[in-house]
Amino acid sequence: QVRLMESGGGSVQAGNSLRLSCAASGVHYYSYCMAWFRATPGREREGVATLFIGVGGGGDAEYADSVKGRFTISKDTSKNTLYLEMNNLRPDDPGNYFCAADWLPAASCRIRAGKLFGNWGQGTQVTVSS
């Protein structure tokens, strides 16, 4: 059984940074897709970043246009943890950030493929003040 638990959210001023963590258990880190999504009241859930972890352990990442160059998704297999490093946070970045994971082929490991993920964490809240 896959279990995901996010942490690291908080309230920061615009321009500052946060690092979100997703502690994962029951995840097989090969040919696997892990991702960060965010939800904001009044808006559809948005894919922020995905990471496909191939057989060799390496991964391809995809980012939403709004976070490219500012956010970085990464994983530490030894700690069973997925990260989202968020730099230069902006007032349009707040939301409840969710970690998601599932067995998906590389072609389906996309930020628009939220409905394909069967495993989700409870979320961690991020607030950005201007």
Side-chain angles (χ1 to χ4, degrees):
Q1 183 178 3
V2 175
R3 296 188 182 217
L4 305 170
M5 182 174 294
E6 303 92 337
S7 62
S11 181
V12 297
Q13 287 192 319
N16 286 349
S17 301
L18 279 175
R19 187 175 78 160
L20 305 183
S21 299
C22 173
S25 61
V27 170
H28 299 273
Y29 283 104
Y30 304 107
S31 297
Y32 209 73
C33 181
M34 301 192 75
W36 289 96
F37 291 81
R38 65 186 176 196
T40 306
R43 292 171 58 180
E44 265 189 53
R45 182 182 63 195
E46 176 188 12
V48 176
T50 62
L51 181 65
F52 177 75
I53 303 164
V55 173
D60 293 325
E62 182 191 22
Y63 296 93
D65 288 343
S66 61
V67 307
K68 279 180 184 175
R70 300 187 298 122
F71 289 14
T72 303
I73 187 171
S74 64
K75 53 107 177 155
D76 186 332
T77 305
S78 66
K79 296 181 179 179
N80 292 334
T81 302
L82 181 75
Y83 299 103
L84 185 68
E85 185 75 37
M86 305 188 296
N87 297 316
N88 191 22
L89 281 158
R90 306 189 312 206
D92 60 343
D93 288 324
N96 199 6
Y97 281 70
F98 296 90
C99 174
D102 216 320
W103 290 93
L104 294 175
S108 298
C109 188
R110 295 289 180 260
I111 57 174
R112 296 185 181 277
K115 292 181 180 180
L116 298 181
F117 288 84
N119 305 292
W120 295 82
Q122 295 299 308
T124 184
Q125 189 70 35
V126 172
T127 305
V128 181
S129 58
S130 55

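Sparse packing is recorded around CZ of R3, with 12 or fewer heavy atoms of other residues, nucleotides or ligands lying under 6.0 Å away.
Considering every non-hydrogen atom in both C109 and T50, the closest pair reads O-OG1, 3.3 Å. Closest approach of G123 and N96 over heavy atoms only: C-OD1, 3.4 Å. Shortest non-hydrogen contact noted between F52 and L104 is CE1-O, 3.3 Å. Y97 approaches P94 most closely through the heavy-atom pair CE1-C, 4.3 Å. Counting all heavy atoms, side chain and backbone alike, A35 lies closest to F117 at CB-CZ, 3.8 Å. G47 approaches F37 most closely through the heavy-atom pair CA-CD2, 3.3 Å.
The side chain to side chain donor-acceptor pair (under 3.5 Å) test applied to R70 returns D93, not counting sequence neighbours.
Residues W36 and W103 fall within the same hydrophobic cluster, defined by Ile, Leu, Val, Met, Phe, Trp and Tyr side chains chained together at heavy-atom separations under 4.5 Å. At a threshold of 4.5 Å between side-chain heavy atoms, the hydrophobic network of Ile, Leu, Val, Met, Phe, Trp and Tyr places I111 and F71 in two separate groups.
The shortest distance between side-chain heavy atoms of E46 and S66 falls below 4.5 Å.
In this structure, the separation between SG on C33 and CG on D102 is 8.0 Å, given to the nearest 0.5 Å. Atom CG of L51 is separated from atom CE of M34 by 8.5 Å, given to the nearest 0.5 angstrom. The CG atom of L4 sits 7.5 Å away from atom OG of S25, with the distance rounded to the nearest 0.5 Å. Annotation: the span from Y32 atom OH to I53 atom CD1 amounts to 9.0 Å, rounded to 0.5 Å. The distance from atom CD of E6 to atom CG of L84, rounded to the nearest 0.5 Å, is 11.0 Å. Atom-to-atom distance recorded for L20:CG and E85:CD is 9.0 Å, nearest 0.5 angstrom.
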- Task: In sequence, state the C-alpha distance, the side-chain angles, and the governing distance for D76 and T81, and then conclude on side-chain hydrogen bond (donor to acceptor under 3.5 Å, both in side chains).
- Result: CA-CA 5 Å; D76 186 332; T81 302; over 6 Å; no
- CA sep, side-chain torsions, deciding dist, call: Y83, C22, side chain to side chain contact (heavy atoms under 4.5 Å, CB included): CA-CA 6 Å; Y83 299 103; C22 173; over 6 Å; no
- May I have the step-by-step check of side chain to side chain contact (heavy atoms under 4.5 Å, CB included) for L89 and L18, ending in yes or no? CA-CA 8 Å; L89 281 158; L18 279 175; 4.1 Å; yes
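Taking the ring centre of F98 as origin, the terminal cationic atom of R38 falls outside the region bounded by 6.0 Å and 45° from the ring axis.
Among residue pairs with one or both ends in residues 115-130, none qualify as side chain to side chain donor-acceptor pair (under 3.5 Å); sequence neighbours excluded.
No option in V128, V12, V126, N16 other than V126 meets the side-chain contact (heavy atoms from CB on, under 4.5 Å) test with M86.
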